[in-house]
Amino acid sequence: MTDELKQRIAARRERADAQLVELSNRLHADPELGWQEHRSSAAVAALLAEHGFAIEQPYLDLPTAFRATFNAADPDAEAPGAAAAGTGGSFTVGFLAEYDALPGLGHACGHNLISAMSAGGAIALSEVAVELGLTVEVIGTPAEEGYGGKIELLERGAFQELDLALMAHPAPVDVAEAEPFAVAHWHIRYDGRAAHAAAYPERGINANDAFLIAQTAIALLRQQLPKGVRVHGVQTRGGEAPNAIPERTEGRWYVRAETTEQLLELEQRVLRCFEAGALATGAELTVTPEGGRYSEMRTDVDAQELYRANAIALGRDFDVDPVAAAMNRASTDMGNVSLIVDAIHPYIGVGGEASNHQPAFADACVGPIAEQTLRDGATALAWTALDVALRGR
């Protein structure tokens, strides 16, 4: 029975292949940053609506979030393609879609493929949803790249109805288990006082010096940090003119740790480095969190192994170079979702030498190899959702 269902699921995905590739290419060619993904989220939702999913957008008052629902419990859902909003199926699967891009790098993390794989997996699974009593959802989750759109959705009550949440993320190679760092994202700002750098330097308070002191303190701190901890960032504003004492500097900084508990302890040590810059120069420090903390991942191990088996059946290979597999340590707000619902977040390879957040990786996320990755990812996700749903019966 399961083999026959999987064949039907794959056939349904195959009928949508051209649309899924077009969606991926469209998002890739028109990258939008976090919280600004109006065209991208609308495109994903429109494709799902065409395949019988009822669309709620905006979702939970977030303009670029959406929820698409194929509800087997609805009396009108007598065949694939007929669905209505709401809940009621005996098992609810949520495919999560990300579609935000990176500043200056476009889709160098492959979120165009994430959206297409999640949409494709949901469309494929809807083939058997009615007879199996499944509710299939796609939740469009904005602003994953540093702002925590899923955390915002969680705080508004999203994901609570799901029995399983899943998505697949592009990487250089296939890795079944995500092991992300917990991470905090901060906006750093120093306010000093401008003055002529040659004539009246004593009248100034150098906000750029404050940032330099903080970065030096962080560099020295790194020797005493536990293994696996990451502290990194960029200065986005350093001053306006070489002959003026900079009165304002700004930057964005990340602090990562193995667990949220370790992160909370580490944050205070890093904050003291930024406070040192203010203390030494007299500048005023303002630290503003950019969204909530991303947590570590609690993977549903059984579902992960089902995904691995399904991916292998499709010809995927998990015997890979450990260095190339390191993308599975990248932080993700999917970790926060995994704290409240069974979840998996496997990585699926697009090949090549480039790694995520490099310009060449954006190039690798379109073209024939990326299209095969899309097909495999959508099918493996749908098959895994089926296996998990049947496992409990």
Side-chain angles (χ1 to χ4, degrees), residues 1-2 4-6 8-13 15-16 19-20 23 41-62 64-99 114-141 150 153-154 156-167 300 303 337 340-344 378-379 381-393:
M1 175 185 174
T2 302
E4 181 209 352
L5 293 173
K6 287 185 175 181
R8 289 170 55 193
I9 285 170
R12 180 66 185 277
R13 187 231 75 222
R15 294 196 295 273
Q19 292 175 299
L20 295 170
L23 174 66
S41 61
V44 182
L47 176 60
L48 291 163
E50 186 176 339
H51 284 268
F53 285 71
I55 307 300
E56 184 180 353
Q57 188 176 31
Y59 179 46
L60 298 175
D61 296 321
L62 292 178
T64 59
F66 70 84
R67 181 170 72 165
T69 307
F70 188 100
N71 186 355
D74 186 82
D76 295 327
E78 297 176 353
T87 58
S90 62
F91 191 90
T92 301
V93 178
F95 296 84
L96 275 54
E98 298 172 2
Y99 29 71
I114 293 175
S115 288
M117 286 187 289
S118 287
I123 291 167
L125 188 62
S126 72
E127 171 72 20
V128 299
V130 174
E131 63 201 81
L132 298 180
L134 305 179
T135 295
V136 184
E137 296 188 2
V138 178
I139 300 177
T141 62
K150 295 182 191 64
L153 284 166
L154 278 165
R156 299 179 185 215
F159 312 112
Q160 305 289 337
E161 77 284 0
L162 300 181
D163 294 297
L164 175 68
L166 70 171
M167 58 177 285
D300 181 331
V337 177
I340 70 158
V341 61
D342 292 343
I344 61 170
T379 304
L381 289 173
W383 283 358
T384 301
L386 172 72
D387 287 337
V388 174
L390 294 178
R391 182 182 58 184
R393 300 189 176 190

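Predicted model only: the values in this text are computed from it and were never measured. Scope of the values below: all heavy atoms of this structure, side chains included, with no hydrogens, waters or symmetry mates.
- Once rounded to the nearest 0.5 Å, the distance linking CZ of Arg8 with CD of Glu127 reads 5.0 Å.
- The closest side-chain heavy-atom distance from Phe70 to Leu125 is not below 4.5 Å.
- Here Thr141 pairs with Lys150 under the side chain to side chain donor-acceptor pair (under 3.5 Å) rule; sequence neighbours left out.
- Applying the side-chain contact (heavy atoms from CB on, under 4.5 Å) rule to Ala378 yields the partners Arg13; only residues at least two apart in sequence or on another chain are considered.
- Closest heavy-atom contact between Ala165 and Val341: CB-CG1, 4.0 Å.
- Note: Leu48 CG to Thr69 OG1 = 10.0 Å, rounded to the nearest 0.5 Å.
- Separation of atoms CD1 (Ile344) and CE (Met167) is listed at 10.5 Å; rounding is to 0.5 Å.
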Derivation and outcome, side chain to side chain contact (heavy atoms under 4.5 Å, CB included), residues Phe91 and Leu132: CA-CA 9 Å; Phe91 191 90; Leu132 298 180; over 6 Å; no
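- When every heavy atom of Ala10 is checked against every heavy atom of Thr379, the shortest pair comes out as CB-CG2, 4.4 Å.
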Please test Val136 against Phe95 for side chain to side chain contact (heavy atoms under 4.5 Å, CB included), starting from the C-alpha separation and ending with a verdict. CA-CA 8 Å; Val136 184; Phe95 296 84; 3.8 Å; yes
Applying side chain to side chain contact (heavy atoms under 4.5 Å, CB included), run through Glu161 and Thr135 and close with a yes or a no. CA-CA 10 Å; Glu161 77 284 0; Thr135 295; over 6 Å; no
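- Using a 4.5 Å cut-off on side-chain heavy atoms (C-beta onward), Val93 and Leu386 make no contact.
- Taking the side chain as every heavy atom from C-beta outward, Arg15 and Ile123 never approach each other to under 4.5 Å.
- Phe66 has its ring centre no less than 6.0 Å from the ring centre of Tyr59.
- Here the straight-line distance linking atom OG1 of Thr92 with atom CD of Glu137 works out to 6.0 Å at 0.5 Å rounding.
- Across all non-hydrogen atoms, the minimal contact from Ala65 to Tyr99 is CA-OH, 3.8 Å.
- Nearest heavy-atom pair, Leu134 versus Ala389, reported as atom, atom and distance to 0.1 Å: CD2-CB, 3.7 Å.
- Taking CG of Asn71 as the reference point, atom OG of Ser126 lies at 12.5 Å (rounded to 0.5 Å).
- Note that the CG atom of Asp300 and the CG atom of Asp163 stand 11.0 Å from one another [nearest 0.5 Å].
- With a 4.5 Å cut-off on side-chain heavy atoms, Leu166 and Val388 do not count as touching.
- When all heavy atoms are compared, the tightest approach of Val138 to Ala122 is CG2-CB, 3.2 Å.
- Ile55 approaches Ala49 most closely through the heavy-atom pair CG1-CB, 3.7 Å.
- Proximity of a side-chain donor or acceptor of Ser118 to a complementary backbone N or O of Leu96 within less than 3.5 Å is detected.
- Between Arg12 and His51 the shortest side-chain heavy-atom distance falls below 4.5 Å.
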